[in-house]
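Read through the structure below, which is laid out as structure tokens, and then see the notes.
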Amino acid sequence: MTLTSPHLGSSAEWTDARLLYALEEVVEQELNRHLKVTKDWMPHEYVPWSDGRNFPGFFEDGEAWDPSQSKVTDIGKIALVVNLLTEDNLPSYHHEIASLFGRDGAWGTWVHRWTAEEGRHGIVMRDYLLASRAVDPDKLEQFRMSHMSEGFESDNRHSMLHSVAYVAFQELATRISHRNTGHQSGDPVCDRMLARIATDENLHMVFYRNLLGAAFELAPDLTMQAVRDVVVNFRMPGHGMPGFERAAAQMAIGEIYNMRIHHDDVLQPVLRFLKVLQIEGLGPDGLRAQEELGLYMNGLDSEASKFDERLAARKARMAARAAG
């Protein structure tokens with residue numbers, strides 16, 4: 001990767017504006033690569049419209065929703081609602097990244113393209129849930145109104161570099177959550193739909209991961225500190241939605257997204273690809289951040305192992321009850 005902008009001598013000289021300018025060439029390269037490999041798809045082609053029927057309200061023949069009308073598993077329903085409500089906050093996400101990255105040049109083109117692609121995800125998931133009657137439509141709309149009315153403020157809105165680091169991990173986390181939800185949904189139609197969404201999320205992750213790699217070349221100390229901060233304080237964007245803590249706990253037990261998955265399938269792949277813990281030549285601040293990141297990852301691995309043990313014990317108890 002060739003960076004034409006000069007490497008400034010001190011981390012203190014890097015501002016968001018200078019980093020945005022210095023990384024613009026990389027953004028353009030990654031945008032062109034993304035547009036070559038991505039494939040447009042039609043959300044309506046993934047929805048089982050023939051399963052749909054009218055709900056009560058304006059239609060005299062409307063049929064009230066009932067949990068038994070869907071083949072989706074209980075954990076699949078919980079995860080689908082969490083995943084959809086997360087996608088619903090797209091206007092807030094767009095505002096955040098447009099404010100940080102700008103609307104001009106390659107940055108602006110990417111911001112709008114990303115937003116357009118993400119928009120498909122909410123469209124197809126809601127259409128699927130309503131057509132298949134997987135969840136209570138009234139509660140779903142009430143949750144959406146409540147969640148979106150609160151707005152969204154990123155933990156990393158203070159820094160462009162922190163935001164790039166965050167989305168590099170968060171896009172992969174979203175991909176993993178969608179794929180695992182599909183696998184455990186009990187419905188091949190749902191699984192196929194979420195696999196299509198996950199493909200988009202993976203391409204978005206690659207874009208931001210490669211951009212983060214370029215930032216390490218330009219400002220290694222600042223980027224290392226940003227990655228350390230993001231990893232240590234990571235929260236999924238849906239943390240403010242109604243009932244998120246309980247839903248997250250159920251998704252952890254259901255092995256859709258938990259500490260082990262977060263460590264092994266989200267954090268480690270990005271850190272390993274960029275060789276973050278092997279980067280040399282760091283200054284005192286960067287070296288300290290790298291050491292703290294390594295210690296945190298070791299601690300998270302230990303905590304994940306404890307979670308694995310508790311989950312295995314829970315499965316054994318449930319199996320014993322079923323056998324008895």
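Reckoned from all heavy atoms, side chains included, excluding hydrogens, waters and symmetry mates.
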Worksheet item: So, R175 versus T199: side-chain donor-acceptor pair below 3.5 Å or not?
Response: no
Worksheet item: Run the salt bridge (Lys or Arg N to Asp or Glu O under 4.0 Å) check on R144 and D88 step by step: do they pass?
Response: CA-CA 7 Å; R144 187 191 70 85; D88 275 335; 5.2 Å; no
Worksheet item: Any Lys/Arg nitrogen of E309 or K306 sitting under 4.0 Å from an Asp/Glu carboxylate oxygen of the other?
Response: no
Worksheet item: So how far is it from L100 CG to W107 CH2, rounded to the nearest 0.5 Å?
Response: 9.5 Å
Worksheet entry | Check: T174/Q170 side-chain N/O donor and acceptor closer than 3.5 Å | yes
Worksheet item: Would you call R196 and E45 a salt bridge, taking side-chain N to carboxylate O under 4.0 Å as the test?
Response: no
Item to complete: Tell me whether V81 is reachable from L130 by hopping between hydrophobic residues (I, L, V, M, F, W, Y) whose side-chain heavy atoms are closer than 4.5 Å.
Response: no
Discussion item. Can a side-chain donor-acceptor contact be found between S68 and D66 if the only test is distance below 3.5 angstrom?
Written reply: yes
Worksheet item: Would W110 and F101 count as a close aromatic pair, with their ring centres under 6.0 Å?
Response: no
Discussion item. Just by distance, no angles: are the side chains of H44 and D127 close enough, under 3.5 Å, to form a donor-acceptor pair?
Written reply: no
Worksheet entry | Cation over ring face, R209 and F273, 6.0 Å, 45° | yes
Worksheet item: Should I123 and F143 be regarded as members of a common hydrophobic cluster, given that ILVMFWY residues are connected when their side-chain heavy atoms come within less than 4.5 Å of each other, either directly or indirectly?
Response: no
Discussion item. Looking only at the side chains, is there a donor atom on one of D200 and H121 sitting less than 3.5 Å from an acceptor on the other?
Written reply: yes
Worksheet item: Taking all non-hydrogen atoms of both residues, which atom of T223 and which atom of A215 are closest, and how far apart?
Response: OG1-O, 3.1 Å
Worksheet item: For the residue pair H34 and H204, does the interplanar ring angle fall in the parallel (under 30°), tilted (30 to 60°) or perpendicular (over 60°) class?
Response: tilted
Practice prompt. Check the side chains of T181 and N83 for a donor-acceptor pair under 3.5 angstrom, ignoring hydrogens and angles.
Written response: yes
